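If you're wondering where the values come from, they're calculated on a predicted model, not measured in any experiment.
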Amino acid sequence: MSSLTSRGTVDRLLPSFSPVRVVAEDGVPLAAPEAYELPADALLVDAFRRMVVGRRFDAQATVLTRQGRLAVYPSSRGQEACQIASALALRGEDWLFPTYRDSVALLARGLDPVEILTLLRGEWHCGYDPAAWRTAPQCTPLATQTVHAVGLADALRRRGRGGVVLALVGDGGTSEGDFHEALNFAGVLRAPVVFLVQNNGYAISVPLARQSAAPALAFKGVGYGVASEQVDGNDLVATLAVVTAAVERARAGEGPFLVEAHTYRVEPHTNADDATRYREETEVARWRAADPLARLERYLRGRGLLADGGVAAAEEEAERVAGEVRERLGGEMEADPLEMFRHVFAEPTPQLVEQRALLAAELAADAEGGER
Amino acid sequence: MAAALNGALRDAMRDDGDVLVFGEDVGPLGGVFRITDGLTAEFGAERCFDTPLAEAGIVGLAVGLAMGGFRPVVEMQFDAFAYPAFEQIVSHVAKARNRTRGRMNLPLVIRIPFGGGIGGVEHHSDSSEAYYAHTPGLKVVTPATAEDAYWLLRDAVADPDPVVFMEPKRLYWARGELDRGARSAAPLGRAVVRRPGRDATVVAYGPAVPVALEAAREAAAEGVELEVVDLRSVVPLDDATVTASVRRTGRCVVVQEAQGFAGVGAEVAARVQERCFHSLAAPVLRVAGFDVPYPPPVVERAHLPGVGRVLDAVFRLQFDDEPDRTHEVSERAREVSRVAS
């Protein structure tokens, strides 16, 4: 057996040396990349509408934290192209594994906006049914969901009824051991899974340069035998083209894929963060100018696919969604403390039965005391 | 016991095509303890397979497969090698049902050979059950007989919740009766009285059960009849069986191989005195491993709680109505040690 590795084998796994880009920052189309099929025009117009709605939803959620209606909100602002592309690249039978910063992806996937925000309101559970939406609960412990994504992808392969899994992770998450174990398992199992790294430049306050010395995060694929690509994550057209190609490649049984999307977290980590302590306003301003939504709008207008009417309709829909979120999250959150005991096990242990009875008695005594 | 565990996996895989077995060296080799011997040959490499050497990945893969409708049974090669998977077990395996409001359960089994007594080098002899038992959402089970090894593992695989199945390594080679056709074993979650006795209750689980039984035989020769309760499952804990026994005997010793501090035995002892205070004629005593990193093979016999240490505890249960002065002796020893240094 030869121990030589062929150059071709490696080359097939390597990403482009510069991020794939289809639309320039000013919205002007660039030469179409040979390796990728561009998304249909109608899909791009739909993506624009979803980006407008997503951005409005995101802004509304941040406002709700100030009003105390949400416990915390990690904003997706600036990352909408990545998140909309994630949702649009998937079919109904496919699964999405989101992190806590992927609310806009979940909205574009069709989940109820209030269910998306359930965890962030301060509930202990995700608001939606993962199986019904083929969407895993938003994951907080970094990169731990990537190994689940591989397992579920292997489950789909075993059932033989099709389906691909897309796992979202951030630049900081690529330093976690689980991310590497996930890539390794995916490579060995040839699982139909795609990892999309939204490289937004910061893990809370730590910039990418302190996170990794890799030439680009996409190069982390080759060591695990996982094909990879890097893309301009603020270019919706390019990101959708690349993620769709990766998903369809996995669907065709050609194995896992790693995409690094270069983007930027325009807002602080969460509403509780102070980004002025670790980055310059000039840097943020430069990225605001590279806004993915404005870029797509200019591109679509330039190609005659979008006019004032389309923009106004999208903005109207966005206001409707924001208004609905405001209204439905306006009331006090109702929670039954006794529900804490209900979902620990299928059948509560004798100890949980006792503890529940204790709390029920306390609550009853409190209620009685309150009436007097 | 090893054969019983192998039989349980084999029968579970025969009965349910969704049962998958995977981990490190569990394929053609059959696992380092041969518990998965022959499973790849019988069921194929799709259903019993070797994974890369990464425990968090193994448990994470099991989570995803369980989400996809399978029933994974994973092997952690040794107790201390399961620690890389701790985050997956605590943050995901244990919490999935809760964080989806009951919509997503993870019926998976994590098998962990645990404990010492086999002359293992470092990192091969930990008693890690308390870490898992302390985590809400995990069932923690440990058999002490071949019959329980078979039936509790069958129960664990069929359970709708995740089960950490702790296999006492030093009992792998223990012989015992097993009828796979007719079940007489109690269900998962119930403790059993292994030996009835009127004078004191000895509560034990896993590798400590044979020690407790041998102590009971020796005590009987001295005219003291010990009742031995085998917990079988640490979570759920069967308070009722333990409590009923202690109320009959009025005295209780809890035996565990694991280091004693903040351990399962401490929990059992606390619960017994909370529930049986007026039935107790003496304080509940614990017999446990010392609070030291598991020692090397050359001194492990001195560490492991043996029959002598159990009997010493039993005879401190104030049968003569004299107060137990052991702790005063300890205090004097500390004083002597302080003056000497």
Discussion item. To the closest 0.5 Å, what do you measure between CE (Met104(B)) and CG (Asn98(B))?
Written reply: 11.5 Å
Item to complete: Just say parallel, tilted or perpendicular for the rings of Phe22(B) and Phe49(B), cut-offs at 30° and 60°.
Response: parallel
Worksheet item: From Leu96(A) CG over to Leu152(A) CG, what is the distance, rounded to the nearest 0.5 angstrom?
Response: 11.0 Å
Discussion item. Check whether Ser228(A) reaches the backbone of Leu13(A) with its side chain - one donor and one acceptor, N or O, closer than 3.5 Å.
Written reply: yes
Item to complete: Name the region of Arg134(A), side chain, backbone, both or neither, that has any atom closer than 4.5 Å to a heavy atom of chain B.
Response: neither
Worksheet item: Does atom CZ of Arg190(B) have more than 12 heavy-atom neighbours, drawn from other residues, nucleotides or ligands, at distances under 6.0 Å?
Response: no
Worksheet item: Does any heavy atom of chain A fall under 4.5 Å from the side chain of Pro160(B), the backbone, both, or neither of them?
Response: side chain
Item to complete: State whether the side chain of Arg101(A) and the backbone N or O of His269(A) hold a donor-acceptor pair below 3.5 Å, judged by distance alone.
Response: yes
Worksheet entry | Residue selection (most heavy-atom pairs with chain A, distance under 4.5 Å) from Ala54(B), Gly64(B), Ala94(B) | Gly64(B)
Worksheet, complete the sentence: Most heavy-atom pairs under 4.5 Å with chain B, out of Glu181(A), Arg342(A), Glu123(A), belong to Glu181(A)
Practice prompt. Could you have a look at Ala62(B), Gly68(B), Pro52(B) and say which one has the most heavy-atom pairs with chain A under 4.5 angstrom?
Written response: Pro52(B)
Response to the item:
Ranked by heavy-atom pairs below 4.5 Å to chain B, first place among Glu347(A), His148(A), Glu339(A), His180(A) goes to His148(A)
Item to complete: Below 4.5 Å from any heavy atom of chain A, which atoms of Thr100(B) appear? Answer side chain, backbone, both or neither.
Response: both
Worksheet item: Is it the side chain or the backbone of Val150(A) that comes within 4.5 Å of chain B heavy atoms, both, or neither?
Response: both
Discussion item. Looking only at heavy atoms and a cut-off of under 4.5 Å, which of Arg101(B), Met67(B), Arg99(B) has the most pairs with chain A?
Written reply: Arg101(B)
Worksheet item: Is the closest basic N to carboxylate O distance between Arg194(B) and Asp148(B) below 4.0 Å?
Response: yes
Worksheet item: For Ala346(A), is it the side chain, the backbone, both or neither that has a heavy atom under 4.5 Å from a heavy atom of chain B?
Response: both
Item to complete: Check whether Leu119(A) gets within reach of chain B through its side chain, its backbone, both or neither, counting any heavy atom under 4.5 Å.
Response: neither
Discussion item. Tell me which of these, Arg97(B), Lys95(B), Glu46(B), has more heavy-atom pairs under 4.5 Å with chain A than the rest.
Written reply: Arg97(B)
Worksheet item: For the candidates Val63(B), Val59(B), Leu65(B), which exhibits the highest count of non-hydrogen atom pairs separated by less than 4.5 Å from chain A?
Response: Leu65(B)
Discussion item. Quick check for you: among Asp159(B), Val235(B), Leu237(B), which has the greatest number of heavy-atom pairs under 4.5 Å with chain A?
Written reply: Leu237(B)
Worksheet item: Would Arg159(A) and Glu93(A) pass as an ion pair if we require N to O under 4.0 Å?
Response: no
Worksheet item: How are the rings of Phe78(B) and Phe81(B) set relative to one another: parallel (under 30°), tilted (30 to 60°) or perpendicular (over 60°)?
Response: perpendicular
Discussion item. Can you tell whether the side chains of Asp94(A) and Arg251(A) come within less than 4.0 Å, N to carboxylate O?
Written reply: yes
Practice prompt. Measure distances from Asp154(A) to the heavy atoms of chain B and classify the residue's part below 4.5 Å as side chain, backbone, both or neither.
Written response: both
Worksheet item: Which bit of Gln138(A) is near chain B, if near means a heavy-atom gap under 4.5 Å: side chain, backbone, both or neither?
Response: backbone
Discussion item. With a 4.5 angstrom heavy-atom cut-off, is it the side chain or the backbone of Tyr128(A) that approaches chain B, or both, or neither?
Written reply: backbone
